[in-house]
2 protein chains.
Amino acid sequence: MPSISGLTDHDGYWLRVVSNAVSHDFARKVAGEGVTVAEWAVLRVLYDVDQMVPSSLARELRVTKGAVSKLADRLLEKKLIKRTESREDLRMHSLSLSKAGRQKVPVLAKLADDNDAEYFGVLTTEERDALSRILTALVERRGLSDVPMD
Amino acid sequence: MPSISGLTDHDGYWLRVVSNAVSHDFARKVAGEGVTVAEWAVLRVLYDVDQMVPSSLARELRVTKGAVSKLADRLLEKKLIKRTESREDLRMHSLSLSKAGRQKVPVLAKLADDNDAEYFGVLTTEERDALSRILTALVERRGLSDVPMD
DNA sequence: TATTGTTATACTCTATAACTATA
DNA sequence: TATAGTTATAGAGTATAACAATA
């Protein structure tokens, strides 16, 4: 008789358990700063580039332009980003951090650092190095750079 | 000047990238069988126990009873599970697999096996063992058995 | 009163596709 | 026609809390 594999027999299951726990806790932390994880990603990208059109942001974050539109709406409401019209092409506009948004990024980055330390700090140096190495290997060998972050 | 960590500087980020990719592909596979990943988890648990009350299922899957109620509704519509009233305690009822549900579990388990092989097969035996070991260590040391699977 | 389960409501995240304005 | 962006719609996944029935 064939044996049926269980939920816990798959690496994908445990990966999801750990990933969800890490993300869930991080979401709770950034919620204290009034933003979601998806919003944090937008803010962090804008922090480096100063300004970016929504279509580029969609490519960078690997989501649809509709998703970016919605995220941008919320960040505008929260006054963390600004919209600037383009003069050359009136269809386009740029998104950039507001002063408040720029001030918030280091705070959020610190929370991300804390969260990582909290979770992966229980590993030995060897384990942590191995994890990073293996995750990177998976990303490279499976070509996950093009995978959406849903 | 303090340097601000980026999205990709955290293990949590890469964990999320890989986990999302694995789950996304698995979701696509089971969608071909007409179920979602959350529904697969319900079916797989019921496969072993024959029958279970929603409150136990909620504990097992670490979601709220409301979430189980919704999942059960969908699985009933799809005729993959059955509801049976309890005779001792009329507030309770048991959920169990229908014949169709029981037949589907091995098919779904095979898809989970395939998905795992597809993703983690690119790792060497040593890497794969290390990944399993490290994920297990994280679950144990961080006490993630109690974390919800959202 | 406490418990089981359902239902109502709400939110995040995402997608697809129709639509508007501009090129 | 093609492109940039918005909006409408939908659906998965989840939570909280109000509720009904029963214990």
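Lettering follows sequence order; numbering is per chain, from 1.
- B:V68 comes within 4.0 angstrom of nothing in the nucleic acid, heavy atoms only.
- For B:R83, a side-chain nitrogen or oxygen approaches OP1 or OP2 of C:dT6 to under 4.0 Å.
- Counting only heavy atoms from C-beta on, B:T64 has its side chain closest to D:dT16 among D:dT16, C:dA23, D:dT6.
- Within the nucleic acid shown, A:E85 has no heavy atom closer than 4.0 Å to any nucleic acid atom.
- Atom CG in A:N20 sits about 8 Å away from atom P in D:dT14, given to the nearest Å.
- The pair A:D25-A:R28 meets the salt-bridge criterion, since a charged nitrogen lies less than 4.0 angstrom from a carboxylate oxygen.
- Residue A:H93 has a polar side-chain atom (N or O) positioned under 4.0 Å from OP1 or OP2 of D:dT6.
- Between the side chain of A:D9 and the backbone N or O of A:G6 there is at least one donor-acceptor pair closer than 3.5 Å.
- Electrostatic pairing of A:K110 and A:D114 counts as a salt bridge here, judged by a charged N lying under 4.0 Å from a carboxylate O.
- A salt bridge does not link A:D73 with A:K78: none of the charged nitrogens is closer than 4.0 Å to a carboxylate oxygen.
- Straight-line distance from the CD atom of A:Q51 to the P atom of D:dA4: 16 Å, rounded to whole Å.
- With hydrogens and angles ignored, a donor-acceptor pair under 3.5 angstrom links the side chain of B:K70 to the base of D:dT14.
- In this structure, of C:dG5, D:dG5, C:dT22, it is C:dG5 that holds the atom nearest to the side chain of B:P54.
- Within 4.0 Å of A:T36, counting heavy atoms only, lie sugar-phosphate atoms of the nucleic acid but no base atom.
- The CD-C1' distance, from B:E88 to D:dA23, rounds to 13 Å in whole Å.
- When distances are taken from the side chain of B:V53 to each of D:dG13, D:dT14, C:dG5, the shortest belongs to C:dG5.
- The separation between B:R87 atom CZ and D:dT22 atom P is 16 Å, rounded to whole Å.
- Of the candidate nucleotides C:dT4, C:dA15, C:dC13, C:dC13 has the atom nearest to the side chain of A:A38.
- Across the interface with DNA chain D, nearest-nucleotide mapping of A:A72 and A:R91 shows A:R91 to be the residue nearer the 5′ end.
- Here the side chains of A:K82 and A:Q51 are not in contact, with every heavy-atom distance at 4.5 Å or above.
- Defining each end axis of the helix from C:dT1-D:dA23 to C:dA23-D:dT1 as the rotation carrying four pairs' C1' atoms onto the next four, with five pairs an end, the two axes are found to diverge by 30° to 10 degrees.
- Checked against D:dA15, D:dA12, C:dT4, the side chain of B:R74 finds its nearest nucleotide in D:dA12.
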### Task
Report the C-alpha separation of B:L95 and B:H93 in whole Å, then their side-chain angles, then the decisive distance to 0.1 Å, and conclude whether the side-chain contact (heavy atoms from CB on, under 4.5 Å) test is met.
CA-CA 7 Å; B:L95 300 175; B:H93 61 238; 4.2 Å; yes
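- Between the CZ atom of B:R28 and the P atom of C:dT14 there is a distance of 18 Å, given to the nearest Å.
- A sub-4.0 Å separation between OP1 or OP2 of C:dG5 and a side-chain N or O of B:S55 is present.
- Going from atom CG of A:D89 over to atom C1' of D:dA2 covers 12 Å, rounded to whole Å.
- Under the 4.5 Å side-chain contact rule for hydrophobic residues, B:L80 and B:V49 share a cluster.
- Under 4.0 Å is where a charged nitrogen must lie from a carboxylate oxygen, and between A:R141 and B:E127 at least one such pair does.
- Separating the CG atom of B:L75 from the C1' atom of D:dA12 is a distance of 13 Å, rounded to the nearest angstrom.
- Across the protein-nucleic acid pair, A:E39 atom CD and C:dT12 atom C1' stand 9 Å apart, rounded to whole Å.
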